[in-house]
Amino acid sequence: MTETPRREDWIRRRIAGWRDAAGRWTAGATFFLLLSGLSIYLLPFSVFNQHAVLVHTLAGLLFLIPTVLFVARHLAGYLRFPLTHVNFSGWALGAMLLACTVSGLVLTAEGAFGTRITYLWDTVHVVTTFGVLIFLFAHLVPLWLRGGRGAPDAAAPAVVAGLRGHQRIAFGAALGMFLATGALTVLARPMALVNEFPPDYDAEAYGDKGPFAPSKATTVSGGAIDPRALSDSASCGTSRCHAEIYEEWLPSAHRYASLDAGFQAIQSVMAEQNGADSTRYCGGCHDPISLFSGTKNIGVTELTSLAGYQEGVSCLVCHAIQKTDVAGNANYVIAPPVRYVWELLDGALPAFLADFLIRVYPEQHIASLSRRMFKTPEFCAACHKQFIDEEVNQVGWVQLQNQFDNWRASRWFTEGDAHQTVECRECHMPLLVSRDPAAGDAADYNRHPGDGQHRSHRFLGANQYIPVLAGLEGGQEHAAMVEEWLKGEYPVPEIAGKWRNGPAIPIELDVPASVAPGEEMEVLVHITNNKAGHDFPTGPLDIIQAWVEIEVRDAAGAVVFHSGTVDESNFVAEGTFMFKAEPVDRYGNLIDRHNLWEMVGVRFKRSLFPGSEEVTSYAFDCVGAREGASEPPRAESVAVAVPDGTELQSPLTVTARLNYRKFDQYLLNYVFGADSGLTAPITVLSAATAEVPLIAGSR
């Protein structure tokens, strides 16, 4: 039988194709890339699959140029041949390979240099992987089954030899890559964590209440967690993925929950009085990494040696919580997240590989660290609700701060109606324009996944002092934002329609239209909780001070009356109208050093429930220009005579201010020493001014 020139050319090309070294290695790389890709996509997260991702990526890069050259040359050689099913599957295979290669390159670049992969490109890569598998099968299997059939007797052995050589090299190369992946799996394991308590840890200090008592916090295993499993928040920022969120967290109250010098000093007193074990009570909320690692030996070790001392409530502490209970006192269950192979190793290369894996193989990262539970007020309640139990004060249960129940009983909560409810995160984690991979949230009723915003992790609240005092990164900027926040001036557009504009806690004056000699003058001050979603003030009211300052001057600037002054030692004057609490111990002594472990009750408390108003009144004597209150402010109205013969110039200007500071001066002096010169900044939350004319008869 005489072969036509085209037939002879086809046979020569077929033999050359089977013998082509680049073709054989290209086929081997393709087989490995297909199978490893299917393993990554279909099988559970594992150490093997993590290494498969790395070898898959490396193989794709190494064989990129040889593959492109071979496929281009191979397809070009068959342009003038009829479009048989083999040729068609070859052309379709080439198109799928091109799309798969381009999408793989984009994903590799995004994993190496970006902050996240683009899921459209990821979808293209997955779909074309299955396309390559289908058309590769359709293209090669018929040729493999045909073997040397159809070729001239003289050429058949060459075809068969080329085919077998092709298969041997291709499968051998793929097997070699899988063996390399297996070797990496054996040799490069995740860092071994030691989830054991130190030898000196007393896990039974509180009997059968658990190894972390008196804190309500516990672990899924009931045992210790290696501090490395919950720390290293910096890696969230240095990876570029969550750089914005990390920078927000750095000066936040969550970050400095443990390193706060005031907290540590007070905690040390607790350890001296009741033993180091007792400070576990504080650990679940303030110092969870040292609590769960069993290194919370306050008074035994240096504070700076505490595990997690610099991180407080780290990124992973919050995001590793599995379950919470609204009972409070850190009533949550935590489990160390599964870490990627290279995450905990030191050095630039391990850091690069860990970040790359998290970006291109993110399913485990997302599934373990992002839950709907984190977005609920009940999640916050685990720590933002506090009580003293009998095992702490040796007397009985006493409620302390309780933001959660305050909020739930307030006008800001309407069960089942997100449009009427303002949740914790809506206030304290306002939306910010973002490049963060976590931007967007389909679970928010007023958001969508691609909205380009994330929730601020500054957790803006009321502490305008510690970030600056501790010299934290971005502390000054953070404190300035807190000042805005306290005044109600920080913009939160997404909930602007849910509350009234203006100060968070507005203050208003009620004064007479005019005053004449011998007439009675009445001055009332109204304070309203406009925007706070819980009591104002909230938190430890034995520390926090919020008070009304009222000043009356005549037209010449002479001081007629001044209440709520702060003296040269930074103490607020006696008799000032103040929002605070006065807790007491079992003997009736005032709890004035934040020694809450001795608290059994409260002898006085004044705070504003959401939406409620407080009214106070003032009396002053206009005999002359001097400072001082004639008597302590009282809750009822007071009539005051403005006597004739005083040297006052009309009109009288009445100014009222609502002042706030986070730390009582007595406590600061106790913690840092009276000669430290430290005093907490005072923020004027709101102010009001009114004029009262002095009519005929006054001078």
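Every heavy atom of this structure was used, including side-chain atoms; hydrogens, water molecules and symmetry mates were not. Just so it is clear, the model here is predicted, and its values are computed rather than measured.
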Review point. How are the rings of Y660 and F536 set relative to one another: parallel (under 30°), tilted (30 to 60°) or perpendicular (over 60°)?
Key: tilted
**Study point:** Mutual orientation of the aromatic rings belonging to H454 and H457 [parallel < 30°, tilted 30-60°, perpendicular > 60°]
**Key:** tilted
Review point. Do R606's NZ or CZ and the ring of F577 fall within the cation-pi criteria of under 6.0 Å and 45°?
Key: yes
Exercise for review: Step by step, work out the side-chain hydrogen bond (donor to acceptor under 3.5 Å, both in side chains) result for D664 and Q545.
Suggested key: CA-CA 6 Å; D664 170 80; Q545 292 183 313; 3.0 Å; yes
Exercise for review: State whether the number of non-hydrogen atoms from other residues, nucleotides or ligands found under 6.0 Å of R500 atom CZ is greater than 12.
Suggested key: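 No - once you tally the heavy atoms of other residues, nucleotides and ligands closer than 6.0 Å, there are 12 at most.
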What is the minimum heavy-atom distance between [X] and [Y], and which atoms define it?
| X | Y | value |
| --- | --- | --- |
| A546 | P537 | CB-CG, 4.3 Å |
| Q267 | Q264 | NE2-OE1, 2.9 Å |
| A479 | V468 | CB-CG2, 3.7 Å |
| V602 | A581 | CG1-CB, 4.4 Å |
| I388 | M599 | CG2-O, 4.1 Å |
| H562 | E549 | NE2-OE2, 2.7 Å |

Heavy atoms, side chains only, cut-off 4.5 Å: are [X] and [Y] in contact?
| X | Y | value |
| --- | --- | --- |
| K385 | D405 | yes |
| I682 | W547 | yes |
| C282 | F263 | yes |

**Study point:** Pairing of D325 and K216 as salt bridge, 4.0 angstrom limit
**Key:** no
Review point. Is the closest basic N to carboxylate O distance between E551 and R657 below 4.0 Å?
Key: yes
Point to revise | side-chain contact (heavy atoms from CB on, under 4.5 Å) partner of F404, the single match among E378, H384, H534 | key: E378
Check your understanding: Out of V552, I550, D510, which one pairs with V523 under the side-chain contact (heavy atoms from CB on, under 4.5 Å) rule?
Key -> I550
Check your understanding: Between E614 and S607, is any side-chain donor less than 3.5 angstrom from a side-chain acceptor?
Key ->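 No - no donor-acceptor pair under 3.5 Å links their side chains.
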Exercise for review: For L658 and V525, run side chain to side chain contact (heavy atoms under 4.5 Å, CB included): C-alpha distance rounded to whole Å, both residues' side-chain angles, the deciding distance at 0.1 Å, then the answer.
Suggested key: CA-CA 10 Å; L658 179 61; V525 180; over 6 Å; no
